[in-house]
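Below, read A as the first sequence line, B as the second, and so on, with proteins coming before strands; counting in each chain starts at 1.
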Amino acid sequence: MTTNTTAAYQNSFLREVEAHVEEGAWVKMCMQCGVCAGSCPFGPHWEHSPQKIFMMIRAGKREEVLRSDSMWMCTSCYNCLVRCPRKLPITHIMHGLAHYAHRLGLAPKGQPTRESARLFWNNCIKHGRINELKFTLALYFKDGLAQGIKNALAMQGIGLAMLKAKRLNPFAIFGGHQCKDKSGIQKIVAKARELEAKRQEQAA
Amino acid sequence: MTAALEAAECGQQVLLIDKAPTLGGRTAQLYRYFPKMCHPSCGLEINLKRLKGNPKLRVMAMTELVAVTGRRGDYRVTLKVRPRYVNENCTACGKCAEAVSSEIPDPFNYGLSKVKAAYLPHLMAYPQRYVIDASIANTAEGEKAKAACPVGAVDLGMQEETLELTVGAIVWATGWRPYDANKIQPYGYDRYQNVITSVEFERLADPRGPTGGQLLRPSDGKPAKNIAFIQCAGSRDENYLRHCSRICCMATLKQTQYVREAGGDGRSTVYYIDIRAIDRFEDFYQMVQADATVSFVKSKVARIALNEVNGNPILHGVDTEGYHRYATEHDLVVLAVGMEPEITGLLGNGLAAAIVLDSSNFIEGCAGASADAGMFAAGAAASPLDVNRSVQSATAASLKAIQVVHKTVSTEVA
Amino acid sequence: MADNKFAAYICAGCGIGDTLDIAALEKIAQKECKMAAVKSHPFLCNQEGVQIIKNDIANEGVTHLCIAACSRRAKTEAFAFADACVSRANLREGVLWVVAAGAEHDEVRQEMAEDYLRMGCAEVKKMKQPAGNPDKAINRTILVVGGGMTGMTAAIEAAEAGYAVLIVEKSAALGGFARQLWKRVPFAAPYAEAQPTGADELAARVSGHARIKLHLNSTLAETAGAPGRFQVKIAQESGSVTEVVVGAIIQATGFSAYDINKLPQLGGGQANVVDQAGLESLARNAALAGGVIKRADGKEVNRVVFVQCAGQRDASGQHLSYCSGHCCATSIKQATYFKDANPLVDTVVIYQDLRVPGMGEDFYRSAQDKGVVFTKGTVSKVSGGGSCSVTFKDLILDEEATLVADLVVLATGQVPNAGTDMELWNQVSTDADNGDEAAKTRQQELRAASVLKLAYRQGPDMPQFKHGFADSHFICFPYETRRTGIYAAGPTRRPMDLDQAMTDATGAALKAIQAVENAAAGRAAHPRVGDLSYPIVRLEGCTQCKRCTVECPFGAIDEDERRFPQFNEQRCRRCGTCMGACPVRVISFENYSCDTVGMQIKAVNIPDEFEEKPRILILACENDAYPALDMAGLQRLTYSAYVRAIPIRCLGSVNTVWITDALSSGYDGVMMMGCKKGDDYQCHFVKGSEMAYYRLSKIEDTMKQMSLEPERVQSHEIAITDNARVARLIDDYVAQIKEIGLSPMKGFG
């Protein structure tokens, strides 16, 4: 058992979450029934369940929450969301929290979900659409060459089967399909970033 | 019954109508009460005695109010009386039941057992008269019942009747119904035999119930030894009922004592969000907390799976006091189902405009200005209440109704 | 008045005629019982049968009739004859349906039926039609003690029903505790916002009501009399005393907040630690000043912590063990005072179980929506002062935590203002009666501390149920008090919130109205509503033993100046405990007496011992045990045909003479069947079963003198659901008696 002595239950973090986290205003509505925690198929792999994270937010545990990898474990199955008796959009709050931690640079380094999301995003932005082969390879080799080979060998059965089923195009390594107006997409993203930055500035 | 009796005992003329063939309502289906563990039929007996001795009170069973017009002090009501196929000659001798062979699910036992299609609703039914179920009224079975009756009480020609009369005030005491557990998909009430509701469990515990008071589980008839009680089954849940049904915590605490009293090595586990044992019910909670056969888990159970081998339900969830994940097998699960106001008759008969409902469809009062209000809600139709508070509410509603028709008794102030 | 004419009507329906020898029964009614008219009918409860009886009453002058048919609980409408005394011989549920089928049982079955017929005839011969008490008590004014929300509501509701009301309020103004509140919790949809209390408006309505009269700055100095004729002395603070007569009393004396100073561990008594009433006062001050809530020292509150269950739900025995029910919603409301004024104020509620039943869930949601933070935990320490701190075990996060706050609110409980505890009073009084001087002083103090100052022999206040609340013991009957015509309402009866208190007050007003109407008509109050019989005493035979006055569960009997019992019929509930208590049998009811039961016992034919047919008397409480026997019949459970059951009003009414008479006339055993006794007693006349046990212990000596085994008298607690059990108990007892052997007293009776 730990002891919480620093400014316990001061609501500043709760207010911060309400202001900056997608659907963060719902956190206060949780009544600690725990149905989300029990409904999550990834439950055993979390350090903190959603309901506990909501309580930690109210308790002012800013660092512990934002540095936690728990919300990165969400796979968007929506079990918690449909069962929540208070109708909290838990899935969205989890992603919101993860995103906020990422933006603040507090998200755990090397957290696989986060890494995957980052690679996915970069891959997607570059070509305007996902290059599955490159994305997969990037994931395999994210922890270095040796680990990458190990990963690739472990997955080779699936890879070959996909190849056979024409679900994998080896030539995509040379660029693959691209979208029609790549620079247009990139402009949209840049504009979105600009707007978001402005919003953050105003909120702060 | 309370609203009617209290008014009649103040000297008012009262007509008490009930949709069911007998008075007593859901209370008659309870085995025992919290927190005294006494028997509801004891109070029912007193009330029936009060009623039998009161000439001011008239009872009409199988009767529904289908229309109301007029205003405070002068309502014109239309009543629909369903055929009982048994007249007042009936002596409850039971010959008709002996004669027929068709059976129907026994409504008194929530369908957990069957009863002959010519039946006395329960041992304390009032009027103490048999009912011929409509399903056999026009069949050879019905004729058998008629032939068997030594006093000419079976009247298969009975038709639905409609009558109109004038009343000064109306008290809605239509009570509640258990929330439909089938709607709570993750708990599998519709799929797993050993997941039952609290009202069904009450019948199992009653020595006059379908199992003679033994706590036998439905799948294989074996004694249930390791019983889970799931609180807020439907209640406090915006997917189902947004209100707290108030009674379920105490009802469960009471039912854990049925398990203990059944002897053997029976154990109860209560899965809860908050134990709402208010006022002196707290005494009872503390007593149960000290009971080694009962344990508590602060958790809303997420879902129930089935052990295909032994038919045991497996409860999945997280104990939120410190975050402990569980997957616990029990041999019987009791869902503490919530209370829904029984207003289907009201709504079905297009009477919604006459009343004001709250966000959970409990009757708040009469539509229109309060000065015109001559209709009052009492008991569980007005709010999720236990018996004690329903009686309190009914007594109060009774006075409100009396005020509508009152004549000044004493203007002198001492 | 015309002479009595006795008749017996024997029903042959429901199979009675197929199984029993009706002609033999008729003969017994005529020859043995000497009934002037004896008729049988194949279907007595039908129109034709009933008409025969009606004609006999109207045209033949029949005044007393024994109906030998089904149980007294069945066909009550058909067999209700307002102008005649009626007894019911239970041939159907009591004989036909419970004696095993088959020719081998024909003899004992017929004997049982014959005995019930004899008993019914014997009973009705001793019955009189209750004429009602000639001393009517007709005052219909309702006295309300306490002018808070409960009292005001009771007053206005009774007045609106047409009754005159007096309110006695000890303070200078109406409104009570509600006037200390800034706002109340919402009672109606959408259950989202705190609401004005309405206390001032209600006080204005009450003050201006033509049928309500106020006595402010006043308390009760004495309450004597009975429903319909209470003589009440109202003492003004100034010392003047007004005497009034009222018909019924509602005690709405409310509650006091649990003393916060008893909670030093939770900061009670320290600066900036307040109870809920203290916070209301700060909130009202803020509203008057037109600003936000500030501390007593004028400092703004940026952070407030609410500690639930402070000194409540306490298992240690130091504080209140119960939950006051309203405090969770009250703290929610108070937290929103802050949030509504300034959402940036931190409000934390630390609870064990958040108890907002019913629609309170919406109010809870509304507060959460406003940003009130709730956390489950147990608080171990609160320190007050300039900066308060609250240390608690955070049960969800599983850690110890300390919160700092500008203000801490302790949700303490409700302590009922129910006056003097009658159990304590009884102890002290016993000591005082034995000459203990200290006890005499204490007795005076207790009287002074009482609310009602009843001039009853049984003490100055209503008996309390649990934790000092003047509540009913009965779930079905929340207004069933032990002092007839006096009803407790509001938080003095049970911990409750304002909404419930106002409903409670309305209900209590109805019960008070009933009480005055019953008293005026000479009728009993609950549960024997409408009973016109009342205890009649032959004072010339009284030995002044005081048992009746002591044992009356409702405090109905005082002692007059000559020390004779003085019956206050309007207080009487007609249970007959006094009749059971009386050693010289001078107390009786017109339709229920030592004779009506005694003659039934004597009417049974006792076979001599060589016939080896035991006879066992059952005295069964008419509300629970007798219906259980009846329903055993309805279920066609069988039991021995050797028993003879007599329904009685209450085991408390059993006079030991019945038992000794039965034993000396050759009965082989007696079974007494009553309700549950003890703390959770189920007897609606309070201690009938307990009295029966007590009295039984006194007749053991008599039994020894008669050389009878103690097993020949048994007492059982029977619940109304014990149909199968009661049948089993009977059969077991018959077997036991056979083992012991038949009574040696046969032939001497």
Heavy-atom distances under 4.5 Å only: say whether [X] touches chain B with side chain, backbone, both or neither.
{"X": "C:R313", "value": "both"}
{"X": "C:Q500", "value": "both"}
{"X": "C:E77", "value": "side chain"}
{"X": "C:Y479", "value": "side chain"}
{"X": "C:D624", "value": "side chain"}
{"X": "C:D314", "value": "backbone"}
{"X": "C:A80", "value": "neither"}
{"X": "C:A74", "value": "both"}
{"X": "C:P478", "value": "both"}
{"X": "C:D471", "value": "side chain"}
{"X": "C:V516", "value": "neither"}
{"X": "C:D630", "value": "neither"}
{"X": "C:M502", "value": "neither"}
{"X": "C:T503", "value": "both"}

Start with the C-alpha distance between C:D504 and C:R493, add both sets of side-chain angles, then the distance that settles salt bridge (Lys or Arg N to Asp or Glu O under 4.0 Å), and finish with yes or no.
CA-CA 9 Å; C:D504 200 37; C:R493 182 171 83 72; 3.0 Å; yes
Would you mind checking which part of [X] comes under 4.5 Å of any heavy atom in chain C, side chain (CB onward), backbone (N, CA, C, O), both or neither?
{"X": "B:C90", "answer": "backbone"}
{"X": "B:D358", "answer": "both"}
{"X": "B:P35", "answer": "both"}
{"X": "B:S383", "answer": "neither"}
{"X": "B:A277", "answer": "both"}
{"X": "B:E321", "answer": "both"}
{"X": "B:E45", "answer": "both"}
{"X": "B:R242", "answer": "both"}
{"X": "B:R389", "answer": "side chain"}
{"X": "B:Y272", "answer": "side chain"}
{"X": "B:L120", "answer": "side chain"}
{"X": "B:Q286", "answer": "side chain"}

Between [Y] and [X], is there a side-chain donor-acceptor contact under 3.5 Å, judged purely by atom types and distance?
{"X": "B:Q29", "Y": "B:E202", "answer": "no"}
{"X": "B:H243", "Y": "C:E361", "answer": "no"}
{"X": "C:D362", "Y": "B:S359", "answer": "yes"}

Which heavy atom of C:H526 sits nearest a heavy atom of C:V529, and at what distance?
CA-CG2, 4.1 Å
At their closest point, which heavy atom of C:S472 faces which heavy atom of C:F474, and how far apart are they?
OG-N, 2.8 Å
Quick one: does [X]'s side chain have a donor or acceptor within less than 3.5 Å of a partner on [Y]'s backbone?
{"X": "B:S398", "Y": "B:A7", "result": "yes"}
{"X": "B:K56", "Y": "B:Q12", "result": "no"}
{"X": "C:R140", "Y": "C:G247", "result": "no"}

Greatest number of heavy atom pairs closer than 4.5 Å to chain C - which of [options]:
{"options": "B:T2, B:L44, B:V151", "answer": "B:V151"}
{"options": "B:D279, B:D283, B:N89, B:T27", "answer": "B:D279"}
{"options": "B:V391, B:I275, B:V404", "answer": "B:I275"}
{"options": "B:G43, B:A394, B:A396", "answer": "B:A396"}
{"options": "B:E238, B:K95, B:R32, B:Q289", "answer": "B:E238"}
{"options": "B:M124, B:Q128, B:R236, B:K298", "answer": "B:R236"}

Between C:T141 and C:Y163, is the side chain to side chain contact (heavy atoms under 4.5 Å, CB included) condition met? List the steps.
CA-CA 6 Å; C:T141 299; C:Y163 290 78; over 6 Å; no
Salt-bridged, [X] to [Y], with N to O below 4.0 Å?
{"X": "B:R276", "Y": "B:E282", "value": "no"}
{"X": "C:K393", "Y": "C:E399", "value": "no"}
{"X": "C:R523", "Y": "B:E9", "value": "no"}
{"X": "B:K400", "Y": "C:E160", "value": "no"}

As an exercise: rank [options] by heavy-atom pairs under 4.5 Å with chain B and give me the winner.
{"options": "C:A628, C:G358, C:C476, C:G507", "value": "C:G358"}
{"options": "C:R365, C:Q635, C:H684", "value": "C:R365"}
{"options": "C:L395, C:T506, C:D680, C:I475", "value": "C:I475"}
{"options": "C:K511, C:K676, C:R636", "value": "C:K511"}
{"options": "C:R73, C:K466, C:Q47", "value": "C:R73"}
{"options": "C:N518, C:V356, C:N46, C:T76", "value": "C:V356"}

Below 30° counts as parallel, above 60° as perpendicular, anything between as tilted: where do the rings of [X] and [Y] land?
{"X": "B:Y258", "Y": "B:Y31", "value": "tilted"}
{"X": "C:Y322", "Y": "C:H467", "value": "tilted"}
{"X": "B:F296", "Y": "B:Y285", "value": "perpendicular"}

Taking the six-membered ring for Trp, are B:F281 and B:F34 closer than 6.0 Å centroid to centroid?
yes
Listed partners of B:N361 passing side chain to side chain donor-acceptor pair (under 3.5 Å), at least two apart:
none
Show your reasoning for whether salt bridge (Lys or Arg N to Asp or Glu O under 4.0 Å) applies to B:R50 and B:E6.
CA-CA 10 Å; B:R50 290 166 75 186; B:E6 298 299 349; 3.1 Å; yes
Apply the test side chain to side chain contact (heavy atoms under 4.5 Å, CB included) to residues B:D386 and B:Y33: give CA-CA distance (whole Å), side-chain angles for both, the deciding distance (0.1 Å), then the verdict.
CA-CA 10 Å; B:D386 59 32; B:Y33 280 149; over 6 Å; no
